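Computed from a predicted structure; not experimentally measured.
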Amino acid sequence: MLATDEDAQPARDNKRLDRRSLEYMLKSGLAGGLAGCAGKTVVGPLDRVKILLQTRNPSFIKYAGQWSGLHLALRDIYTEHGLRGLFKGHSATLLRIFPYAGIKFLAYDQIRSAIIPNRASETPGRRFVSGSLAGMVSVFFTYPLEVIRVRLAFETSTDKRSTLPGICRKIYHEQASPTLHNPSNPLSNAAATAVERGVPQTGMANFFRGFTPTLLGMIPYAGASFLAHDTMSDLLRHPAVAPYTTLPHTSRPESATSTYKPAQLQYWAELSTGGFAGFFSQTVSYPLEVIRRRMQVGGVVGDGHRLSIAEVTRRIFMEKGWRGFFVGLTIGYVKVIPMSATSFLVWERGKYYLGI
């Protein structure tokens with residue numbers, strides 16, 4: 001008599017890997033990296049427009065705050081540069097996002113298992129902390145690649161098409177000219193003071209522009225993202241709705257070397273939990289994201305000096321008031337919902353089919 005899938009399921013469950021094993025971590029990192037690349041590819045053109053609006057690129061300032069700004073910006077880029085223009089900087093995005101997402105999801109798996117060793121100890125606070133720490137770990141390892149991606153996406157004119165090695169050299173050699181103190185311009189004075197104090201104005205430090213707000217932004221963003229995803233997943237797995245939202249025969253029981261794995265959600269349900277996670281996390285962390293983008297392009301706008309968080313915050317507020325901290329948020333929602341939905345779907349399915 002032939003064995004059915006249901007008969008084979010217990011054997012498959014018993015062979016599940018220990019979370020601390022090298023094979024588990026490699027598979028978890030692979031699933032996370034593929035999830036990040038899939039999500040970013042889906043929204044590549046939207047991501048570029050958002051960066052251009054956030055950083056107030058001279059050619060795209062006119063579209064900021066307009067309901068039709070996204071459509072017009074995409075049209076202009078496509079008309080002038082074609083499909084390649086919509087994905088400018090995408091190779092750098094994938095180069096960064098694979099290790100970033102792989103580390104983030106792997107770190108979440110490991111940190112969550114340490115903070116939440118069993119179902120009885122699972123709380124919203126512990127989920128939030130697990131996600132925040134995972135996001136911060138990933139930033140530590142991949143931030144320079146994020147700066148390179150943003151700078152490639154920021155360029156628009158045909159005479160500034162930089163290659164990946166070219167943009168790296170450009171960022172490395174950027175430096176601010178000494179600025180004379182001007183009583184009427186405290187922001188320029190900050191640059192002069194930095195030079196006088198011997199603050200590095202060139203070299204590897206340029207690849208860490210905006211690092212502090214990125215790290216701070218990861219606390220609410222990654223924490224809220226994983227918290228929202230896991231909470232929504234629990235709701236959709238409630239016994240009252242589980243027959244309609246989960247795939248049959250996909251749950252995995254708790255064993256001596258692995259924690260309980262609930263049933264896989266159906267595609268539409270998993271996409272919904274991921275989309276909600278993206279919406280929620282984007283809302284709570286967006287102002288810090290705007291500050292970070294402005295700091296990352298500091299070498300190609302203004303006088304080129306390395307701006308502090310306080311300086312960027314003052315500039316944004318003087319230019320647009322409190323609304324300036326939410327420039328591009330609509331595009332952010334349009335981008336982050338499908339990106340997050342795709343990422344969480346690929347991550348969950350990837351882990352399941354890899355047997356972890």
Side-chain angles (χ1 to χ4, degrees), residues 46-70 72-73 132 135-136 139 143 146-147 149-151 153-154 156 174 176-177 179-195 197 199 201 205-206 208-224 279-336:
L46 297 176
D47 198 28
R48 185 169 186 219
V49 172
K50 190 184 76 166
I51 290 173
L52 292 171
L53 293 178
Q54 284 180 334
T55 54
R56 295 181 64 79
N57 184 284
S59 300
F60 288 83
I61 292 178
K62 58 188 176 183
Y63 297 131
Q66 297 184 31
W67 286 106
S68 59
L70 172 61
L72 295 174
S132 296
M136 293 171 72
V139 167
Y143 189 76
E146 164 71 356
V147 175
R149 178 185 78 90
V150 171
R151 290 293 296 274
F154 182 77
T156 56
E174 282 174 356
S177 301
T179 309
L180 296 177
H181 285 273
N182 180 354
S184 64
N185 191 349
L187 296 178
S188 296
N189 293 342
T193 302
V195 173
R197 292 178 179 175
V199 176
Q201 297 296 304
N206 287 336
F208 288 88
R209 294 176 185 263
F211 178 75
T212 301
T214 299
L215 200 60
L216 294 176
M218 263 305 144
I219 296 174
Y221 182 82
F279 173 84
F280 184 65
S281 59
Q282 183 81 346
T283 303
V284 301
S285 65
Y286 196 78
L288 278 170
E289 183 177 348
V290 174
I291 293 171
R292 170 169 61 105
R293 298 298 190 201
R294 292 287 291 271
M295 293 179 73
Q296 287 172 340
V297 299
V300 290
V301 295
D303 58 15
H305 85 273
R306 192 172 293 116
L307 297 172
S308 68
I309 296 177
E311 288 175 308
V312 173
T313 301
R314 285 196 297 269
R315 283 193 174 186
I316 294 173
F317 188 78
M318 287 189 295
E319 290 169 357
K320 290 281 188 176
W322 68 268
R323 295 178 183 273
F325 295 99
F326 295 93
V327 170
L329 180 57
T330 302
I331 298 176
Y333 284 141
V334 173
K335 186 204 84 166
V336 80

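Note that CD of Glu146 is 12.5 Å distant from CZ of Arg151, once rounded to the nearest 0.5 Å. Note that NZ of Lys335 is 11.5 Å distant from CG of Leu329, once rounded to the nearest 0.5 Å. Note: Phe325 CZ to Thr313 OG1 = 5.0 Å, rounded to the nearest 0.5 Å.
Closest heavy-atom contact between Gly223 and Ser132: CA-OG, 3.4 Å. The shortest heavy-atom contact between Gly324 and Val290 is O-CG1, 3.8 Å. Scanning all heavy atoms of the two residues, the minimum distance from Leu216 to Pro220 falls at O-CD, 3.0 Å. In this structure, Ser285 and Gly217 approach most closely via the heavy-atom pair CB-O, 4.0 Å. When every heavy atom of Val336 is checked against every heavy atom of Phe279, the shortest pair comes out as CG1-N, 4.3 Å. What you find for Ser281 and Ala224 is that their closest heavy atoms are CA-CB, 3.9 Å.
Scanning for side chain to side chain contact (heavy atoms under 4.5 Å, CB included) contacts around Leu215 gives Met136, Val139, Phe140, Phe211, with sequence neighbours left out.
At least one donor-acceptor pair closer than 3.5 Å links the side chain of Tyr286 to the backbone N or O of Val327.
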